[in-house]
Peer 1: 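Attaching a single structure in C-alpha cells format; questions to follow.
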Amino acid sequence: MKEKSRHLQELESESIYILRETIAQFEKPVLLYSIGKDSSVLLHLAKKAFYPAPIPLPLLHIDTAWKFRDMILFRDDIVKRYGAQLFVHINEDGRKANVNPNTCDSAYYTQVMKTEGLRQALEHHKFDAAIGGARRDEEKSRAKERVFSHRTADHSWDPKNQRPEIWRLYNGHLAVSETMRIFPLSNWTELDVWQYIGAEEIPVVPLYFASERPVVVRGGTMIMVDDDRLQLSSAEVPELRRVRFRSLGCYPLTCAVESNAASISDIIEELKLTRLSERQGRVIDRDQISSMEKKKEEGYF
Amino acid sequence: MSEERSNIDVQARGAVSAKELQDSGSTSIPMLRFLTCGSVDAGKSTLIGRLLHDCQSISDDTLSLIERDSHTWDTTGEAIDFALLVDGLQAEREQGITIDVAYSYFSTPARKFIVADTPGHEQYTRNMVTGASNCDLAVILVDARKGTLVQTRRHTCVVQLLGIKHIVLAVNKMDAVGYAEDVFDNIDSEYRAFATRLGFGQIQSIPVSALRGDNLTTRSARMPWFKGPTLLNHLETVEILIAAKTNAMRLPIQWVCRPNSDFRGFSGTIVGGSISRGDPIVSLPSSSRSSIARIFVGDEERQSASAGDAVMVTLANEIDVGRGDLFCSPVDRAETADQFSANLVWMSSQALLKGRPYLLRCGTQSVIAQISDIKYKLNVNSLEHVAAREVTCNEIAVCNFTVAKPIAFDSYAESRETGGFILIDRATNETVGAGMIQFALRRSHNIHWQTINVSRDQRADLKGQKACCLWFTGLSGSGKSTIANLIEKRLHSLGRHTYILDGDNVRHGLNRDLGFTDADRVENVRRVAEVARLMVEAGLITIVSFISPFKAERQFARERFGSDDFLEIFVDTPIELCEIRDPKGLYKKARAGQIAHFTGISSPYEPPENAELHLKSGTDSTDVIVEQIMAALKVRGVLFTV
Ligand SMILES: Nc1nc2c(ncn2[C@@H]2O[C@H](COP(=O)(O)OP(=O)(O)O)[C@@H](O)[C@H]2O)c(=O)[nH]1
C-alpha cells in the first residue's frame with residue numbers, strides 16, 4: 001500500500017466519522033451500493049470505520065436490469081470479499097411495464113427504475129437512513145447538499161428548508177417515516193477518489209480502464225454494445241474503439257469516452273489534463289437546466 | 001496561471017510526509033477551508049467562479065452550460081457570468097442572490113481548498129454561521145466604490161464569534177475606481193481600525209477585480225503599486241493558527257464496538273492532543289479512570305495516534321463507557337458542569353423560549369437543556385449588548401444554560417470540537433440554535449442534592465397508595481377542571497390522598513408574575529411540573545388541570561416523573577363546543593379581540609399524540625369518563641388495595 005497524502009488522510013477520517021455517526025444515530029441504516037468507484041470507496045471506508053467488527057449494516061443495490069454485465073459480476077464478487085449482506089431491488093412494476101432506456105424518455109426511465117425503485121426498497125425494509133456516495137463537486141445543486149440530508153415521508157428534498165449543519169454536529173432526528181440520506185464523500189473530488197483508490201489499492205469495475213470495446217455512435221456520444229439488450233438500428237454497426245467510462249450508470253445512458261488510460265495512474269494523469277466534467281457522459285443531466293435539482297426534489301438519490 | 005499548477009501534484013505533496021511536518025512544528029495544512037462573505041453584489045460569487053475557472057476546476061461542458069445559462073437568466077450582459085458557477089439553486093438564480101451555503105472545491109500543488117460561499121443579507125446570518133463553523137479563514141469582500149458597510153462589520157463580528165483567526169479583506173471592483181491606490185488605502189485603514197478593535201491580528205488586504213481577474217491568481221499589471229500577494233498566493237501560503245488547545249488529549253466516544261465478548265472497542269475521532277499505548281485516561285463526565293491498551297486507525301494497529309485521526313481504542317480495565325463520554329488526559333481534563341454560559345446563534349423562525357426544554361448536542365453527548373437566563377443580545381453590527389426577553393431568528397445572545405445532567409466540555413475559545421453545541425427542537429427535530437460555551441457557572445459546582453432518607457414510595461405506602469401525577473390538558477372550557485374535580489372527589493371518598501393544581505388557582509399565587517405570551521406559558525407549565533413532582537415525591541396522587549398547550553412542555557413535565565407515574569390525559573373537546581359552553585365568558589372576549597394570546601383562537605394548541613388517555617368530553621358523559629380514568633388507575637396499580 002502506498003503512502004497517502006495528508007489531505008487524503010483528512011478526508012478519510014472525516015468520512016469514517018460520518019459513517020460512525022450514522023451507525024450511532026439510526027436504527028436501521030443501509031449503504032446504497034451502486035457498484036461504481038464512489039461506492040467502492042464507501043465500502044472500503046465502512047470496513048475501516050467498524051474494524052475489527054464486520055460491516056454492521058447491509059448494502060442495497062437498486063438494479064434496473066440495465067447495468068453492464070461486468071458491473072453485476074463485480075458486485076457479486078466484491079460483496080463476497082467484504083463479507084457484507086446485500087439486498088438487490090428491482091422495480092418489478094416498471095420491469096413488467098417494460099420501462100427501459102431504449103424506447104422510453106430517459107427522465108421517465110430514471111424516475112421509474114431508480115427513484116421509485118429506491119423508494120420501494122427503503123419502505124419495504126423500513127430503512128431510516130441510506131448512505132450514498134454522492135460528492136458535492138459532481139453537480140451544482142449537490143454543492144448545497146447537507147452531509148445528513150433530510151427527506152420527508154414521501155422521500156422529497158426541500159432545498160430551501162435544509163437543516164443548518166454546524167461544526168460536525170449532524171442532527172439525525174427524524175419523525176415517523178421520514179428518512180435521512182447521508183453522504184460521507186461530500187468533500188471528495190473525482191481526483192481525490194482516484195488517488196485514494198490508487199493509494200489503498202481498492203478494486204474497481206474494469207470498465208473504468210481503457211480497452212478495445214464495441215461501440216456505436218449515437219447523438220454524438222459513444223454507446224457500448226454490452227449485449228443484445230441494446231437495440232441497434234439497421235444503420236448502426238458496432239466498431240471496436242479504445243474506450244473507458246468515467247462514471248457508470250445504466251448502459252445506454254452512460255457514454256464511453258475515448259481513452260488510453262489503462263491504469264489508475266493513467267486515469268489520474270488523464271483527469272489532470274481533461275477539460276470535460278465527469279457527468280458529461282451522463283445523458284440524464286443535460287435534459288434541462290437544474291435537472292438534477294428537480295430529480296432530487298422528487299427523491300432521486 | 002499555468003496548467004501544471006492548477007491540479008494536485010501527487011509527487012509534490014508526497015515529498016513532505018506528515019511526520020516531517022509535525023516534527024518541524026509547522027502549521028502548514030494540506031487542506032484549507034475558507035468562507036467568502038460580503039454584502040449582496042460585492043461580487044462574491046463572481047470571485048469564486050473566477051478562482052475556480054482560473055484554477056481550471058471548471059470543465060468545458062460546465063462552462064458551456066453556464067454560457068447558455070448566462071443568456072437564459074440575463075445577468076451580466078457579459079459573455080460568461082462566473083457567479084452562475086456557484087449560485088446553484090434555481091430559486092437563488094431567479095432572485096439573483098445566494099441563499100444557502102454552497103461548497104466548491106479546487107486545488108493547486110500547494111493545497112486543496114474547500115470554499116463555503118455564504119449569503120450576505122442579515123436574514124441569512126444563520127447560513128453564514130453554518131458556513132463559517134468549519135472554516136479557518138474568511139475572505140471578506142467589499143465593493144471599492146462603496147467601502148466598508150454595516151454588513152461588512154456584521155460579517156467581521158460573526159467571523160470573530162466563530163473563532164476564525166485569519167481575515168482577507170478583498171477590495172473588489174478596483175476596475176470601477178480606476179485601480180486607484182488611495183481608494184484602496186482608505187478602505188484598508190478604515191477596516192483595520194475596526195477589526196483590530198475586535199482583536200484580529202491577521203488581516204491581509206488585497207485590491208482585486210473579480211470581473212477582470214486582477215490579483216486573484218495573477219499579479220495585476222494595472223496595480224503596480226500593490227506589493228502584497230495575490231489572493232491565491234496568500235491562500236496557498238498563509239500559516240494557519242488552529243483554533244484549539246491542541247495539546248490536551250480529547251477523544252469523544254461515538255460508538256462502542258463489540259464484535260464478540262473478547263473485544264470492546266471505543267471509537268471516535270481525536271479532537272485534541274495525542275494518545276499512545278499505556279497512556280492513562282479519564283472518562284468524563286463519570287470520572288472513571290483507565291489506560292489505553294490498543295489503538296486502531298482503520299484496520300491497522302498503531303502505537304499512537306493524534307488529533308484528526310479516527311481511532312478505535314481498547315482499555316486496560318473495564319469501565320462503563322458509552323456514546324457521549326469524553327476521554328481526556330487526567331492531567332488536563334475538560335470541565336464538567338450542568339450550568340454554563342454560552343453565546344447562542346438562533347436559527348429558527350420560532351423564537352427561543354426561556355425555560356423550554358431543547359435537546360443539546362455537544363460533541364457526541366446529547367442532553368436536555370433549558371435557557372435559564374437570557375443575559376443580553378449582541379448587536380451584530382457593533383457587538384453592543386442589548387437587554388432582551390426573547391431571541392428571534394438570526395439573532396445572537398449570551399445565555400445561561402442548565403442541562404439535565406452534567407456534560408463535559410471546554411470553552412469554545414479553547415476548542416471548537418468540545419466547546420460548540422447545537423440545540424434541537426424536540427417537536428420538529430429542527431436544528432434551531434448553535435452555541436459556543438464560554439464558561440461553567442460557579443453555581444453548578446456549589447448546589448448539591450441533599451440526600452433524603454425517607455423515600456417517595458415509603459411516604460406513599462404509609463398512605464396505602466401509589467403516588468402519581470394525572471396531567472389533564474385541553475382547551476379552555478373543555479371540561480378539564482370539572483373532570484379533575486369529580487376524580488378527586490371519587491378518590492377522596494375511597495380514602496386516597498390527593499391534591500389538585502388548577503391553572504387558574506396557581507396563577508393567583510405562585511405564577512402571578514406570568515402572563516400569556518408563549519414565553520410565559522412555558523414558564524407557567526415548568527413551575528407547575530416541578531411543584532407536581534414535589535407533591536408526587538410527598539406521596540400524593542397529584543392532579544394537574546392546565547391547558548398546557550405546547551407538546552414540548554408536556555414532554556418536559558413527563559420527564560420529571562418515572563414512566564409509570566405520569567398519565568397524560570387529553571380532554572378532547574371540539575373548540576366549537578368549548579366556545580358554546582364558554583363558562584367564563586373568555587371566548588367571547590377573545591373573539592372581540594379583548595384577550596390576546598388566547599389558546600385556540602390567537603395562540604396554538606398542540607394536541608397530544610401519545611396521551612395515556614384520550615377523553616371525548618363532547619360525546620361521552622362525565623360518568624363514563626370518570627369510570628375510564630378509574631379503570632386506567634386500576635390497571636396501573638395506583639389503586640392497589642381496591
Ligand atoms: N466592475 C466590476 N463588477 C463586478 C466585479 N465583481 C463582480 N461584479 C459585478 O457585481 C455584480 C454582483 O456580483 P455577484 O458575484 O453576483 O455578487 P454576490 O452577491 O456578492 O455574489 C454582478 O453584476 C457582477 O458582474 C468587479 O470586479 N468589477
Side-chain angles (χ1 to χ4, degrees), chain A residues 2-3 5-7 9-14 16-17 20-21 23-24 47-54 136-137 139-144 159-160 162-169 171 173-175 178 186-187 189 191-192 195 268 271-280 286 289-290 293-294, chain B residues 7-8 10 13-14 17-18 21 30-31 59-62 69 72 85-86 88-91 99-105 107 112 114 126-127 129-130 133-134 254-255 257-259 263 265 267-269 296 298-299 308-310 312 323 347 359 361 364 416-417 420-422 424 429-431 434:
Chain A
K2 296 173 211 151
E3 175 79 20
S5 67
R6 285 209 303 147
H7 97 276
Q9 288 174 26
E10 206 175 314
L11 289 172
E12 177 189 80
S13 297
E14 180 177 86
I16 288 177
Y17 173 82
R20 288 173 175 171
E21 279 303 289
I23 275 292
K47 181 180 138 206
K48 288 194 172 202
F50 307 111
Y51 184 87
R136 287 189 185 133
D137 84 322
E139 205 268 342
K140 266 193 295 178
S141 83
R142 294 248 191 239
K144 314 214 163 182
K160 268 148 263 153
Q162 302 193 74
R163 292 177 183 175
E165 212 156 69
I166 309 134
W167 299 296
R168 296 198 295 165
L169 298 173
N171 173 358
H173 289 266
L174 296 173
E178 291 177 346
S186 286
N187 286 326
T189 61
L191 190 58
D192 296 330
Q195 289 178 336
I268 292 173
L271 277 179
K272 288 183 182 178
L273 297 175
T274 187
R275 298 287 301 141
L276 292 173
S277 82
E278 182 181 9
R279 298 193 82 88
Q280 43 117 359
R286 283 179 289 160
I289 296 182
S290 302
E293 187 180 336
K294 285 231 173 69
Chain B
N7 290 297
I8 300 181
V10 198
R13 180 152 311 117
S17 77
L21 278 169
M31 198 148 74
S59 55
D60 286 348
D61 50 320
T62 308
D69 284 12
T72 311
L85 288 170
V86 281
L89 297 179
Q90 232 169 38
I99 299 174
D100 210 308
V101 188
Y103 296 92
S104 315
Y105 303 82
S107 49
K112 170 173 167 140
I114 302 182
R126 66 183 203 134
N127 305 70
V129 167
T130 305
S133 70
N134 288 315
Q254 276 185 288
W255 180 73
C257 176
R258 305 182 105 155
F263 189 91
S267 68
T269 297
F296 295 87
D299 45 7
D309 289 336
M312 172 94 69
R323 174 173 168 86
M347 305 187 147
L359 196 64
R361 280 273 310 275
T364 53
R416 272 183 179 176
E417 304 277 355
F421 64 86
I422 56 171
I424 298 169
N429 293 320
E430 293 298 319
T431 302

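Chain naming here is simple, since letters A, B, ... match the order of the sequence lines and numbering starts at 1 in each. The figures here come from the full heavy-atom set of this structure, side chains too, leaving out hydrogens, waters and symmetry mates. Computed from a predicted model, the values in this text were never measured in an experiment.
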Peer 1: Is chain A contacted by the side chain of I422(B), its backbone, both, or neither, given a heavy-atom distance below 4.5 Å?
Peer 2: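 Both parts, backbone and side chain.
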
Peer 1: Measuring from S133(B):OG to L169(A):CG, what's the distance to the nearest 0.5 Å?
Peer 2: 8.5 Å

Peer 1: Supply the atom-to-atom distance N134(B) CG to E165(A) CD, rounded to the nearest 0.5 angstrom.
Peer 2: 9.0 Å

Peer 1: Quick one, L359(B) and H173(A) - any side-chain contact, counting heavy atoms below 4.5 Å?
Peer 2: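 They are in contact (side-chain heavy atoms under 4.5 Å apart), so the answer is yes.
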
Peer 1: Measure E12(A) against the heavy atoms of chain B and call it side chain, backbone, both or neither at under 4.5 Å.
Peer 2: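 Contact with chain B involves no heavy atom of E12(A) at all.
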
Peer 1: For Q254(B), enumerate each residue passing the side-chain hydrogen bond (donor to acceptor under 3.5 Å, both in side chains) test, keeping only those at least two apart in sequence or located in another chain.
Peer 2: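 Here the qualifying residues are E21(A).
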
Peer 1: Do you know which of T130(B), T364(B), V129(B) has the most heavy-atom pairs with chain A at a distance under 4.5 angstrom?
Peer 2: T130(B)

Peer 1: List the steps and the verdict of side chain to side chain contact (heavy atoms under 4.5 Å, CB included) for T269(B) and R168(A).
Peer 2: CA-CA 11 Å; T269(B) 297; R168(A) 296 198 295 165; 3.9 Å; yes

Peer 1: Could I get the full list of side-chain contact (heavy atoms from CB on, under 4.5 Å) partners for S186(A), not counting sequence neighbours?
Peer 2: R136(A), V147(A), F183(A)

Peer 1: Can you give me the closest heavy-atom contact between D137(A) and Y105(B), atom names plus distance?
Peer 2: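 For D137(A) and Y105(B), the tightest heavy-atom pair comes out as CB-CD1, 4.0 Å.
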
Peer 1: Say you draw a straight line from OG1 of T431(B) to CD1 of I166(A); how long is it, rounded to the nearest 0.5 Å?
Peer 2: 6.0 Å

Peer 1: Under a 4.5 Å heavy-atom cut-off, does chain A meet the side chain of R361(B), its backbone, both or neither?
Peer 2: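 Its backbone and side chain both get close to chain A.
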
Peer 1: Looking at G308(B), is its backbone amide N or carbonyl O close enough to the side chain of S13(A) to form a donor-acceptor pair, meaning the two atoms are under 3.5 Å apart?
Peer 2: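 Judged by distance alone, yes, a pair lies under 3.5 Å.
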
Peer 1: What is the distance from atom CZ of R163(A) to atom CD1 of I424(B), rounded to the nearest 0.5 Å?
Peer 2: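 Those atoms lie 7.5 Å apart.
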
Peer 1: Could you look at Y103(B) and say if it's the side chain, the backbone, both or neither that has a heavy atom under 4.5 Å from chain A?
Peer 2: both

Peer 1: Against chain B, label A175(A) side chain, backbone, both or neither, depending on which of its atoms sit under 4.5 Å from a heavy atom there.
Peer 2: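 Both backbone and side chain of A175(A) come within 4.5 Å of chain B.
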
Peer 1: Locate the shortest heavy-atom distance separating W167(A) from F421(B); write the atom from each residue and the value.
Peer 2: CZ3-O, 3.3 Å

Peer 1: With the side chain counted from C-beta on, respond yes when M312(B) and Y51(A) share a heavy-atom pair under 4.5 Å apart, and no when they do not.
Peer 2: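 No, their side chains stay 4.5 Å or more apart.
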
Peer 1: If I take atom CG from residue L11(A) and atom NZ from residue K112(B), how far apart are they, to the nearest 0.5 angstrom?
Peer 2: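 Going from the CG atom of L11(A) to the NZ atom of K112(B) covers 5.0 Å.
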
